[in-house]
Q: 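Here you go, one structure.
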Amino acid sequence: MKEIIFQILKKAGITLKEEELEKLLEIPPSSELGDYSFPCFILSKKEKKAPDKIAEHLAQKIKLPIEIEKVENKGPYLNFFVNKKILAEKVIGINANFGKLPLGKNKKIVIDFSAPNVGKPMHIGHIRSTILGDSLMRIYNFLGYNSIGVNYLGDIGLHLGKLIVAYELWLDKDALKKNPVQELLRLYVKFCAKEKSKITEGVEEEFQDNEWTNRAKEKLKLLELGDKKTEKIWHDIRKSSEKGFNKVYEMLNVDFTETVGQSEFSEHGKKIITNALMNKIAKSEKDGAIYVEVDGQKKFILRSNQTASYITYDIGAAVERNKKYNFEKMIYVTDFRQKDHFDKLFKILTLLGYDFSDKLIHLGFGTIKFGNEIIATRKGDIILLEDVLNKTIEKAEKEIKKRKTKGDAEKVGVGAVKYIVLKSSPSADVQFSWEQALNFEGDSGPYIQYSYARASSIIRKAGKFNKSKINFDNLNSHEINLVKKISSFPEIVQKAEESLNPSLIANYSFELAQLFNEFYHACPVIGDESEAFRLRLVDAFRTTLKNSLYLLGIEVMEEM
RNA sequence: GCCCUGGUAGCUCAGCCUGGAUAGAGCAUUAGCCUUCUAAGCUAAGGGUCGCAGGUUCAAAUCCUGUCCGGGGCGCCA
């Protein structure tokens with residue numbers, strides 16, 4: 001539609017380039033003023049005339065194609081009114097593929113997300129990477145890319161040393177079987193409590209020298225050395241832990257292409273670093289620690305005791321993934337605090353001679369806050385992700401019972417949580433509160449799902465589409481608003497992909513649902529003289545909303 | 001100290017990239033609407049120095065500079 005207006009303006013003798021026109025063309029604050037607007041200020045200098053005179057002149061001069069029904073000058077603005085009949089006709093003709101584009105044919109996008117730490121439970125803070133990453137995968141797939149979701153488990157590190165110690169001392173086997181997450185958390189918290197009394201304040205964990213921390217370090221070393229007994233415990237912890245993760249992923253309906261422990265990249269990472277040392281790209285400190293210089297600073301990539309550190313694994317993993325997938329892009333979805341780490345990682349890869357680091361992107365997201373607290377596993381006073389989901393599902397059950405309808409409580413509850421996470425843009429912090437999570441009214445997941453169910457109800461009751469001839473004359477404002485909103489869906493999806501921002505789709509879904517509810521309230525469908533058109537409009541709305549929510553990983557129901 | 005973020009209604013946020021017409025939602029508050037396709041809905045009202053100060057511009061919530069307040073990063077941790 002924009003292109004059509006550009007053509008009109010060009011024909012009217014405006015010599016601006018298309019990109020400039022693209023920037024200038026805007027949508028008026030009120031639809032009564034028009035659907036698109038061209039401000040004429042910019043021309044007033046060139047033509048040395050007042051902008052409102054220019055607008056007036058242009059309005060008279062312009063010849064309109066069929067897609068535009070009228071043009072008006074209003075002050076300095078030239079306002080275009082699109083032909084609603086043609087737009088409406090297009091909209092009711094959409095199908096389930098609406099919004100899909102073959103942009104990413106044969107292109108692979110690797111998305112590294114979720115990445116929980118083995119042994120620790122998933123809490124409300126982990127939800128963001130998981131849900132964001134899942135949504136990005138869906139968006140890329142929708143646009144024809146082949147997206148590959150990688151769950152990069154934190155299966156190594158001091159917290160595992162601590163857990164192994166605790167496991168040997170206090171494990172309750174039955175409890176582990178019954179509720180692995182709860183038992184592992186109990187062990188971890190118990191260890192931290194013991195350790196805490198011995199900790200020297202202000203000293204970093206690495207340099208703590210006390211009975212408890214040292215025991216954990218000892219276990220970690222045994223693990224690296226391949227001690228059988230320690231390894232067995234480690235495997236057991238990982239297995240139990242994954243059981244817990246999988247339960248959550250099942251509830252969230254999140255799938256990964258591969259799940260892999262970061263420890264698996266230790267050897268490869270070290271090999272790369274050894275080569276770099278030989279090629280003098282990396283240098284060695286006297287004590288054996290290896291570093292490269294990045295931005296004039298030493299960045300260590302192997303520890304003095306020759307064990308791998310975080311970045312060692314990441315180097316190995318990145319190189320291996322590039323080889324395995326030959327990706328177009330790889331996106332790391334993590335907390336924004338890791339920004340520097342990833343910036344350095346990308347630079348180091350370039351220094352090491354790899355040419356794919358410009359394909360790597362770090363999508364950093366803000367913190368989830370609960371009240372004013374930031375959640376820490378250490379203390380154990382955390383809100384488990386599972387509990388959050390269970391609580392919203394419970395609330396949904398209650399609501400469904402109250403209404404005596406057939407809704408699916410899990411879909412409603414999970415949808416509510418996903419929507420809260422996705423509706424704010426990734427970079428922003430998210431305020432999480434029970435009040436908000438359990439409020440299913442207004443700007444919420446259930447509100448949107450509800451509007452879908454209402455639409456479905458109409459279609460169901462109508463039975464068949466009314467076959468009488470559709471009359472596109474006399475569309476009312478509710479119908480037009482809905483038509484316009486539906487027609488803008490493809491743009492929104494593309495924008496969300498370009499900016500890696502599913503919140504655009506979340507906001508769109510809400511606005512779309514809102515317009516539908518207004519329409520629903522004002523326009524009877526069944527039995528009305530516009531039934532033929534309205535039924536199809538309702539159906540187009542359903543299709544669009546379903547696609548839109550699909551991209552957020554939120555499921556719809558025919559009834560709720 | 002250096003770097004990254006954020007500051008818009010009582011609360012939670014959108015708009016900022018790409019400057020344009022009276023700054024938008026939701027929650028909460030108040031007042032209405034269920035004999036009509038699901039009231040998880042709709043309608044209406046109140047509520048704003050867009051942190052502050054300069055600058056650029058015909059035009060600034062939006063761009064630039066400075067400043068104040070909050071969050072974060074600057075480990076051989078992950």
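Here is the naming used below: chain letters follow the sequence lines, and residue numbers restart at 1 for every chain. On a predicted model such as this, the values are computed, not experimentally measured, just so you know.
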Q: For a quick check of understanding: with a heavy-atom distance under 4.0 Å over all strands, which category does A:Glu559 fall into, base, sugar-phosphate or nothing?
A: base

Q: Between B:C13 and B:G51, how far is it from one P atom to the other, in whole Å?
A: 15 Å

Q: Report yes if a side-chain nitrogen or oxygen of A:Arg454 is closer than 4.0 Å to either non-bridging phosphate oxygen (OP1 or OP2) of B:C42; otherwise report no.
A: no

Q: Could you check whether A:Ile400 gets within reach of a base, just the sugar-phosphate, or nothing at all, counting any heavy atom under 4.0 Å?
A: base

Q: Give the nucleotide from the list B:A14, B:A78, B:C4 with an atom nearest to the side chain of A:Ser424.
A: B:A14

Q: Using the C1' atoms only, state how far B:G24 lies from B:G47, rounded to an integer number of Å.
A: 14 Å

Q: Across the strands shown, which category fits A:Asp52 at heavy-atom distances under 4.0 angstrom: base, sugar-phosphate, nothing?
A: nothing

Q: A:Asp287 near the nucleic acid: base, sugar-phosphate alone, or nothing, with a heavy-atom cut-off under 4.0 Å?
A: base

Q: Given B:A78, B:U18, B:G26, which nucleotide is nearest the side-chain atoms of A:Tyr310?
A: B:A78

Q: Measure from the side chain of A:Phe41, starting at C-beta and using heavy atoms only, and say which of B:U43, B:C58, B:U38 lies closest.
A: B:C58

Q: Indicate the ring-plane relationship of A:Trp434 and A:Phe432, choosing parallel, tilted or perpendicular according to the 30° and 60° boundaries.
A: perpendicular

Q: In whole angstrom, give me the gap between the C1' atoms of B:A23 and B:U65.
A: 25 Å

Q: Say you pick atom C1' in B:G19 and the same atom in B:A59; how far apart are they, in whole Å?
A: 8 Å

Q: From B:G71, B:U22, B:U38, pick the nucleotide closest to the side chain of A:Phe336?
A: B:G71

Q: When the distance from NZ of A:Lys344 to C1' of B:C4 is rounded to whole Å, what number comes out?
A: 12 Å

Q: Decide yes or no on side chain to side chain contact (heavy atoms under 4.5 Å, CB included) for A:Ile281 and A:Leu352, but give the supporting numbers first.
A: CA-CA 7 Å; A:Ile281 296 165; A:Leu352 296 179; 4.0 Å; yes

Q: Please work out whether B:C68 sits syn or anti, treating a glycosidic angle within 90° of 0 as syn.
A: anti

Q: Under 6.0 Å between the ring centres of A:Tyr508 and A:Phe489?
A: yes

Q: Can you find a donor-acceptor N/O pair under 3.5 angstrom joining the side chain of A:Ser309 to the base of B:C77?
A: no

Q: Under 4.0 Å, counting only non-hydrogen atoms across every strand here, what does A:Tyr520 touch: a base, just sugar-phosphate, or nothing?
A: base

Q: Can you see whether A:Phe365 has A:Arg128 sitting over its ring - NZ or CZ less than 6.0 Å from the centre and within 45° of the normal?
A: no

Q: Can you measure from CZ (A:Phe465) to CD1 (A:Ile459) and round to the nearest 0.5 angstrom?
A: 5.0 Å

Q: Is A:Asp335 side chain donor-acceptor paired with the B:A78 base, going by distance under 3.5 Å alone?
A: no

Q: Closer to the 5' end of RNA chain B via nearest nucleotide, is it A:Pro28 or A:Ser425?
A: A:Ser425

Q: Starting at CG of A:Leu482 and ending at P of B:C42, how long is that distance when rounded to a whole Å?
A: 13 Å

Q: Between B:C4 and B:A14, how far apart are the C1' atoms? Round to whole Å, please.
A: 23 Å

Q: Between B:G71 and B:G32, how far is it from one P atom to the other, in whole Å?
A: 44 Å

Q: Nearest to the A:Ile458 side chain among B:G72, B:C37, B:A21, which nucleotide is it?
A: B:C37

Q: How long is the span from the CH2 atom in A:Trp234 to the CG atom in A:Leu160, to the nearest 0.5 Å?
A: 8.0 Å

Q: Would you say the side chain of A:Ser37 and the base of B:A21 hold a donor-acceptor pair, judged only by whether the two atoms sit under 3.5 Å apart?
A: yes

Q: Assign each of A:Lys423 and A:Glu498 to its nearest nucleotide of RNA chain B by heavy atoms, then name whichever residue's nucleotide is nearer the 5' end.
A: A:Lys423

Q: For the pair made of OH in A:Tyr419 and C1' in B:C27, what is the distance, rounded to whole Å?
A: 13 Å

Q: Between B:U38, B:C13, B:G26, which nucleotide gets closest to the side-chain atoms of A:Gln431?
A: B:C13

Q: Between B:C27, B:C37, B:G73, spot the one nearest the side chain of A:Lys461, thanks.
A: B:C37

Q: Among the nucleotides B:U38, B:A14, B:A78, which one has an atom lying closest to any side-chain atom of A:Ala428?
A: B:A14

Q: Of all the nucleotides listed (B:A14, B:A39, B:C37), which has the minimum atom distance to the side chain of A:Ile526?
A: B:C37

Q: Atom CZ of A:Phe38 to atom C1' of B:A21: distance rounded to whole Å?
A: 15 Å

Q: B:A78 C1' sits how many Å from A:Leu163 CG, rounded?
A: 15 Å

Q: Rounded to the nearest angstrom, tell me the gap between atom NZ in A:Lys217 and atom P in B:C77.
A: 13 Å

Q: Answer with base, sugar-phosphate or nothing: what part of the nucleic acid does A:Cys523 contact at a heavy-atom distance below 4.0 Å?
A: base

Q: Taking Watson-Crick and G-U wobble pairs with both distances under 3.5 Å, convert RNA chain B into its dot-bracket string, 5' to 3', dots for unpaired and | for cross-strand pairs.
A: (((((((..((((......[...)))).(((((.......))))).....(((((..]....))))))))))))....

Q: Looking at every strand, decide which applies to A:Lys495 at a 4.0 Å heavy-atom threshold: base, sugar-phosphate, or nothing.
A: base

Q: Is the centre of the A:Tyr291 ring less than 6.0 Å from the centre of the A:Phe300 ring?
A: yes

Q: Rounded to whole Å, please give me the gap between CD in A:Glu26 and P in B:U18.
A: 16 Å

Q: Under the side chain to side chain contact (heavy atoms under 4.5 Å, CB included) criterion, do A:Phe80 and A:Lys70 qualify, and how do the steps go?
A: CA-CA 6 Å; A:Phe80 295 88; A:Lys70 121 178 129 156; over 6 Å; no

Q: Using a strict threshold of under 4.0 Å (side-chain N to carboxylate O), is an ion pair present between A:Arg536 and A:Asp539?
A: no

Q: With C1' as the reference atom in both, quote the distance from B:U8 to B:C74 in angstrom, rounded to an integer.
A: 31 Å

Q: Can you tell me which nucleotide in B:G41, B:U18, B:A78 comes closest to the side chain of A:Asn117?
A: B:A78

Q: Hey, which of A:Glu397, A:Lys401, A:Lys395 is the one that makes side-chain contact (heavy atoms from CB on, under 4.5 Å) with A:Glu399?
A: A:Lys395

Q: Taking B:C58 as the reference, what is the distance to B:G1 when you measure between their P atoms (whole Å, please)?
A: 38 Å

Q: Any side-chain N or O of A:Gln514 under 4.0 Å from OP1/OP2 of B:G26?
A: yes

Q: Hey, can you tell me if A:Phe342 and A:Tyr310 have their rings parallel, tilted or perpendicular (30° and 60° cut-offs)?
A: perpendicular

Q: Looking at the base of B:C3, is there any donor atom on it, or on the side chain of A:Asp340, that sits under 3.5 Å from an acceptor on the other one?
A: no

Q: Atom NZ of A:Lys17 to atom C1' of B:U18: distance rounded to whole Å?
A: 16 Å

